[in-house]
Amino acid sequence: MTNEMKEIREKGAEYFFLLCSLVSIGAVLLICYFIFSGAYPALRDIGVWAFLTGDLWKPTDVPPSFGIFNMIAGSVYVTAGACIFGVPVGVFAAVYMAKYCPRSIYPVASQLVSLLAGIPSIIYGFFGMMLIVPFIQEYFAGNGNSVLAASIVLGVMILPTVIKVSEVSIRAVPKSYFEGALALGATKEQSIFFVGIPAAKSGILAGVILGIGRAIGETMAVVMVAGNSNILPDSIFKSVRTLTANIVLEMGYAAGSHYDAIVATGAVLFVFILILNIILNIINRGAQTSGGLS
């Protein structure tokens, strides 16, 4: 009877986990169906190429114009800027946390990084509005609402993701790697940067890609500091509008073809995130195949 009850419980647990997996898969499929079915009318009427490469977004004109190239470029600009600001700081901070941070300080530093990840995005937006935008306005060109301001804010926002994932990856490198490098005459810095980091590169890249996904999908903080002008900026001090900003600014009053174009914008953003996830899976698979550490 005990064995039978144990078997029933194991089967029940198996079916429960299967149900949870099916619910997760179903949710993803429903989201995909909603996004792409809603985007199809706009892509059919406008044309995929015209929608992606058009530089005019004038939904109130007759006939209306729907082109998102400037917004795609804006999303790429601010995401690249976030990587320039956030990735080096995040990786070096992870090296400090993993290899240099004293044990007495580590719990506090780790909690602060976790707190950074839990701050709402609108608070980051306020931080950018009150500090970064006025600083750029006073010491540089423009009114402060710019690619640079959005890049700095997003760079701070991706820090906890990059730090946490990179730290775990660096700690996963066997101590024998570092000890072997030290035994051969390398300094501690050389053993970290020429042995440890290359061995943990797949995990660090995974953290960077997750940070990029966070940056490209961010909305409120960008809306508050980017200026939201639908132009192709020729300077980091110029205003910019991203795909996410366009959705949140116009979804409330969009109707008809305008609404369809907004949903199509979300589909383009969804495809970007999907591509990032595919890249992340390829990196992890490559690390497992080569016996790398992540």
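Counting begins at 1 with the first residue of the sequence.
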Engineer: Does the ring center of Phe69 lie less than 6.0 Å from the ring center of Phe51?
Structural biologist: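 No.
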Engineer: Can you name the side chain to side chain contact (heavy atoms under 4.5 Å, CB included) partners of Ala98, sequence neighbours left out?
Structural biologist: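 Per chain and number, Ala98 pairs via side chain to side chain contact (heavy atoms under 4.5 Å, CB included) with Glu167, Ile170, Arg171.
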Engineer: If we only count heavy atoms from C-beta on, is the Thr244 to Val248 side-chain gap below 4.5 Å?
Structural biologist: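 Heavy-atom side-chain distance check fails, nothing below 4.5 Å.
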Engineer: Any side-chain heavy atom of Ile123 within less than 4.5 Å of one from Phe127?
Structural biologist: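 The answer is no; the side chains never approach within 4.5 Å.
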Engineer: Mind telling me whether Phe237 and Phe140 have parallel, tilted or perpendicular rings, with 30° and 60° as the class edges?
Structural biologist: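 The rings of Phe140 and Phe237 lie parallel, inter-plane angle below 30°.
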Engineer: Is it the case that the ring center of Phe92 lies less than 6.0 angstrom away from the ring center of Tyr96?
Structural biologist: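 No, ring centres 6.0 Å or more apart.
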Engineer: Side chains of Tyr77 and Leu148: closer than 4.5 Å at any heavy-atom pair?
Structural biologist: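 A side-chain contact is absent here, since even the closest heavy-atom pair is not under 4.5 Å.
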Engineer: Would you indicate whether Lys188, at its atom NZ, is surrounded by more than 12 heavy atoms from other residues, nucleotides or ligands within a distance under 6.0 Å?
Structural biologist: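 Result for NZ/Lys188: enclosed.
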Engineer: Applying the 4.5 Å side-chain criterion to the ILVMFWY set and letting contacts propagate, would Leu210 and Val113 be lumped into a single cluster?
Structural biologist: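 They do not share one cluster, since no chain of ILVMFWY contacts under 4.5 Å joins Leu210 to Val113.
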Engineer: Given 3.5 Å as the limit, does a donor-acceptor pair link the side chain of Asn228 with the main chain of Val223, or not?
Structural biologist: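 Yes: the side chain of Asn228 pairs with the backbone of Val223.
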Engineer: Roughly how far, to the nearest 0.5 Å, is the CD1 atom of Ile158 from the CD1 atom of Ile212?
Structural biologist: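 CD1 of Ile158 is found 7.5 Å from CD1 of Ile212.
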Engineer: Is the charged tip of Lys99 near the ring of Phe178: under 6.0 Å from the six-membered ring centre and within 45° of its axis?
Structural biologist: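 Relative to the ring axis of Phe178, which defines the angle, Lys99 lies inside both limits.
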Engineer: For Tyr106, is the OH atom crowded, meaning more than 12 foreign heavy atoms sit under 6.0 Å from it?
Structural biologist: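 Atom OH in Tyr106 is crowded, with more than 12 foreign heavy atoms closer than 6.0 Å.
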Engineer: About how many Å separate CZ of Phe36 and CD1 of Ile31, when rounded to the nearest 0.5 Å?
Structural biologist: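 These two atoms lie 11.0 Å from each other.
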Engineer: Enumerate the residue pairs fulfilling side chain to side chain donor-acceptor pair (under 3.5 Å) with a member in residues 232-241, sequence neighbours excluded, ordered by first and then second residue.
Structural biologist: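 Sorted result for residues 232-241: Ser229-Ser239, Asp234-Lys238, Arg241-Asn246, Arg241-Glu250.
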Engineer: Taking a hydrophobic cluster as the set of Ile, Leu, Val, Met, Phe, Trp and Tyr residues connected by side-chain heavy atoms closer than 4.5 Å, whether directly or through intermediates, do Val165 and Val173 fall within one such cluster?
Structural biologist: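 Hydrophobic grouping puts Val165 with Val173.
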Engineer: Within the distance-only criterion (no hydrogens, no angle test), does the side chain of Asp61 pair as donor or acceptor with the backbone N or O of Pro63 below 3.5 angstrom?
Structural biologist: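 No: the side chain of Asp61 does not pair with the backbone of Pro63.
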Engineer: Could you tell me how the ring of Trp57 sits relative to the ring of Phe66: parallel (under 30°), tilted (30 to 60°) or perpendicular (over 60°)?
Structural biologist: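 Perpendicular: the ring planes of Trp57 and Phe66 meet at over 60°.
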Engineer: Donor-acceptor pair, Ser146 side chain versus Gly142 backbone, under 3.5 Å?
Structural biologist: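 The answer is no, because no donor-acceptor pair under 3.5 Å joins these two groups.
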Engineer: Assigning hydrophobic clusters by single linkage (Ile, Leu, Val, Met, Phe, Trp, Tyr; side-chain heavy-atom cutoff under 4.5 Å), is Leu159 placed with Leu205?
Structural biologist: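 Unlinked, Leu159 and Leu205 end up in two clusters.
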Engineer: For the residue pair Ser110 / Lys164, report whether a side-chain donor-acceptor contact shorter than 3.5 Å exists.
Structural biologist: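 Short answer, yes.
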Engineer: For atom OH of Tyr100, is the number of surrounding heavy atoms from other residues, nucleotides or ligands below 6.0 Å larger than 12?
Structural biologist: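 Yes, enclosed.
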Engineer: Is there a donor-acceptor pair under 3.5 Å between the side chain of Ser75 and the backbone N or O of Leu243?
Structural biologist: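 Yes, because the side chain of Ser75 sits within donor-acceptor range (under 3.5 Å) of the backbone of Leu243.
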Engineer: Is a side-chain donor or acceptor of Glu218 paired with a backbone partner of Ala215 at a separation under 3.5 angstrom?
Structural biologist: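 No: the side chain of Glu218 does not pair with the backbone of Ala215.
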